[in-house]
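First up is the structure itself, then whatever we jot down about it.
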Amino acid sequence: MHLEKYLNPEQKKAAETLEGPVLILAGAGSGKTRTITYRIANLLEQNVSPWNILAITFTNKAAGEMRERVDRLVGFGADSIWVATFHSTCVRILRRHADLLGYDQSFSIYDADDQKTLMKNICKEMNIDTKKLKEKTILNTISSNKDELVSPEEYDRMVGSDPIEKKIAEAYHIYQKQLKSNNAMDFDDLIVNTVRLFQKHPEVLASYQERFRYIHVDEYQDTNTAQFELVRLLADRYRNLCVVGDDDQSIYRFRGANIHNILDFEKNYPEATVIKLEQNYRSTQNILNAANAVIANNQGRKDKSLWTDKGEGHKVHFRLLSSQKEEAEFIAEDIARKIRKREAQYKDCAVLYRTNAQSRELEERFLYDNMPYQIVGGQNFYGRKEIKDCLAYLKTIANGNDDLMVRRIINVPKRGIGNTSVDKAAVYAANNEISLFDALAHADRIPGLGKTAQKMIEFAEMVERIRSRMEDAEYYDDLPELLDDVLNESGYLEDLRVSNDEEDADRIGNLDELISKAAVYEEKYAQENPEIETGPTLTDFLNEVSLVADIDNVSEENDRVLLMTLHAAKGLEFDHVYIAGMEDGLFPGDGSIFGGPEEMEEERRLAYVGMTRAKEELTLTAAGYRVMRGQAVNNPVSQFVREIPEEFLEGNLPRYRSFEDDFSGSGRYFDDDGYGRIGRRTDSIGRSAGSTAFCGTSGIGISRPKAPTPRRDVKPEDKPYAAIKSLGALKKGSALTAGTTDYGVGDRVRHIKFGEGVVKNMENRDGATYVTVEFDTAGVRVLSAAFAKLQKL
DNA sequence: GAAGGCGGTCTTTTT
DNA sequence: GACCGCCTTC
């Protein structure tokens with residue numbers, strides 16, 4: 001392989017150093033994925049079996065991209081390379097050996113929501129006043145312990161006499177016990193339990209060490225201690241461990257990432273080859289210089305300096321707007337301008353922000369302007385109530401020991417089974433050492449239930465019915481059908497259908513989308529596992545949906561602006577990047593400003609990550625007036641903006657560079673290309689901004705700004721948000737409305753379960769199409785067109 | 001057992 | 001301003 005044709009000398013060295021530990025310090029945009037891809041291709045060329053290669057990435061999306069690129073490069077064999085995230089890697093291993101840890105292979109995976117519910121119950125049991133000691137606090141402590149591989153017993157020994165800590169330690173014990181009895185693991189457990197598995201069962205570890213002779217870890221700066229230990233164990237035999245990372249891009253300290261894993265790699269692996277990739281292929285010089293200047297304020301970094309041979313490019317744009325509304329408007333208009341001038345397509349643009357809450361203002365504006373966009377994160381699809389409910393049904397079917405899920409759905413939809421009765425059943429279950437579900441199935445044996453007992457039994461029978469049907473070979477393969485059954489037989493769908501609540505129509509759409517996702521997953525599974533004939537199991541599907549990140553669902557194919565947090569943007573790049581809310585108090589947030597230098601440095605790395613996403617143009621914006629947590633604030637311009645030397649900046653940056661400087665001026669204007677057109681507006685905003693920009697910090701108060709004067713006759717806020725939102729929903733088009741119904745009234749159709757029949761009526765209600773079918777044998781039924789998937793005959 | 005209303009409390013960032 | 005938990009009422 002002529003690596004020198006495709007790689008620079010450092011990259012080439014990285015791709016050629018195949019044996020022993022390798023640390024690749026890959027600066028932003030330095031072509032690390034490219035390098036790793038070629039390294040893997042090179043391994044294959046040296047006759048290393050793809051079966052022996054492991055690559056761990058941060059997101060499924062990154063994993064998919066890496067696999068695809070290797071595939072393209074080597075043509076074949078890439079399928080057998082194990083490319084996955086930490087969490088999905090662990091799930092795959094754990095499912096195979098769950099019994100060794102006392103788990104069943106169909107264990108549930110709990111997300112943050114589930115964890116909180118569980119902890120809430122525990123606090124109730126322990127009589128913990130959750131006003132004094134919040135569930136979240138307990139869970140955070142438990143999580144940090146797990147990140148550091150500290151077991152409940154070890155934590156016992158670590159806590160002193162502090163009564164709160166002692167309570168947490170006790171809660172940790174109970175929490176783990178309940179997870180186990182529910183046959184469930186939280187995210188952290190996936191890593192911790194895999195490490196424990198390896199520690200307790202050397203023969204299992206040995207088999208994986210033999211298999212994974214060449215290990216790659218991407219985004220190594222974001223690994224925590226547990227993940228470090230996992231990798232260390234796996235690599236311990238062959239020591240062919242190649243880690244790639246950038247200490248300047250470590251932004252997950254809050255979830256246990258230990259920056260010393262990368263800083264001290266050479267201490268842990270003294271024989272390591274260290275390679276620095278310092279040439280940036282992504283950004284123009286101005287952008288890079290600005291980012292370098294900001295990150296230079298951090299102490300204790302690995303010494304490196306990024307350079308580029310790209311031209312100077314545009315200066316970094318900065319705009320101080322008077323309010324968050326004006327900020328959103330500016331960004332939307334600026335993107336529209338670039339589209340008009342054919343400088344960009346929507347998909348070349350991304351808007352980044354520090355907190356998810358900021359997305360709303362932007363979204364409203366984008367909807368108002370009819371600009372295509374996609375928000376990554378925020379209210380996760382899988383976090384929605386109806387989706388969680390549906391998944392809780394599925395988890396109950398897959399894992400009857402999961403009391404938490406049973407509790408969630410036992411009375412959804414309403415079955416007249418209240419909390420008091422469920423508690424009675426739970427007590428009975430505990431006394432008889434059976435699961436809650438089994439107790440419900442035999443509710444007639446539980447004293448004091450009255451009529452409720454029968455309702456419980458009916459519920460249990462309904463679940464049993466679906467479960468046993470699923471275990472038929474025929475059904476096992478058909479996830480969409482299974483979901484369809486669950487939604488129909490549980491009465492969940494009917495409940496939404498008869499509801500007058502507008503939101504419930506959306507919910508039906510979301511459930512429809514979940515079914516589509518199940519179908520897509522089946523297809524994907526069949527492609528990825530051609531050797532397996534049976535298709536994915538329900539547990540496979542549940543694992544998959546538990547481990548998807550929001551970013552995984554972003555496809556390049558759609559032409560739309562992406563909106564996401566700075567964290568979500570890591571690893572991505574765009575021609576045009578906007579970072580909104582560059583204000584002290586928001587970014588960096590108050591927590592970081594007052595949280596000490598370490599916090600501040602992490603925040604600065606986040607700024608660095610954000611800025612280095614930009615290839616061509618980087619635009620930073622701030623609002624002099626904004627509503628945070630329902631409170632009006634006047635934030636000063638972010639210190640990160642002030643850390644950028646003037647020569648790389650353009651815009652209406654206020655004249656002062658620090659609070660000691662002159663802050664009475666109306667702001668200075670730099671001139672650059674393209675912005676002349678909005679001079680008039682900038683001017684007026686500039687003036688008002690000039691008087692509002694410095695309130696709120698250092699006691700140098702200048703008068704509170706007046707409410708910004710509306711510049712248009714119609715502003716987005718004139719329309720109720722919900723109306724705009726549904727407009728957006730329509731535009732996006734749910735599968736329900738967009739679904740192709742090639743049949744009409746009078747046509748003969750076939751339903752997968754009810755057989756053949758004649759369409760009697762079709763009507764649109766709440767944005768969904770309902771079809772009335774007179775079946776030959778199953779009678780007259782009203783079906784949702786999207787769900788029923790009727791086939792025209 | 002269900003539904004609606006009131007008041008308190010927060011918010012980073014996520015696999 | 002949103003969510004959650006607790007309370008009251010039917």
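Heavy atoms only: backbone and side chains are in, while hydrogens, waters and symmetry mates are out. Computed from a prediction, not measured in an experiment: that's the story for all the values here. Chain identifiers are assigned alphabetically (A, B, ...) following the order of the sequence lines, protein sequences preceding nucleic acid strands; residue numbering begins at 1 within each chain.
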Q) For the pair made of OH in A/Tyr353 and C1' in B/dT12, what is the distance, rounded to whole Å? A) 13 Å
**Q.** Nearest-angstrom distance from the residue atom CD1 of A/Ile251 to P of B/dT15
**A.** 11 Å
Q: In whole angstrom, give the distance that lies between atom CG of A/Asn140 and atom P of B/dT11.
A: 10 Å
Q | Presence of A/Asn411 side-chain N/O under 4.0 Å of B/dA2 phosphate oxygens OP1/OP2 | A | yes
Q. Side-chain N or O of A/Arg354 less than 4.0 angstrom from OP1 or OP2 on B/dT11?
A. no
**Q.** Residues A/Asp504 and A/Arg507 bridged, charged N to O under 4.0 Å
**A.** yes
Q | Options B/dC10, B/dT15, B/dT12, nucleotide nearest the side-chain atoms of A/His87 | A | B/dT15
Q. Closer than 4.0 Å, any side-chain N/O of A/Asn356 to the OP1 or OP2 of B/dT13?
A. yes
Q | A/Thr420 side chain near B/dG1 phosphate (N/O to OP1/OP2, under 4.0 Å) | A | yes
Q.
Please list all pairs meeting side-chain hydrogen bond (donor to acceptor under 3.5 Å, both in side chains) that have one or both residues in residues 121-133 of chain A, counting only residues at least two apart or in different chains.
A. A/Glu125-A/Gln178
**Q.** A/Arg629 (side chain) and B/dT11 (base): donor-acceptor pair under 3.5 Å
**A.** no
Q) Atom CD of A/Gln227 to atom C1' of B/dT15: distance rounded to whole Å? A) 8 Å
Q) Does a side chain donor of either A/Glu363 or A/Tyr373 reach within less than 3.5 Å of an acceptor in the other side chain? A) yes
**Q.** A/Tyr252 six-ring face occupied by A/Lys570 cation (under 6.0 Å, within 45°)
**A.** no
**Q.** A/Phe254 over B/dT13, stacked by centroid distance under 5.5 Å, angle under 30°
**A.** yes
Q: Starting from C1' on B/dG4, measure out to NZ on A/Lys414 and report it in whole angstrom.
A: 13 Å
(Q) On the nucleotide B/dG1, are OP1 or OP2 found under 4.0 Å from the side-chain N or O atoms that A/Ser421 carries? (A) yes
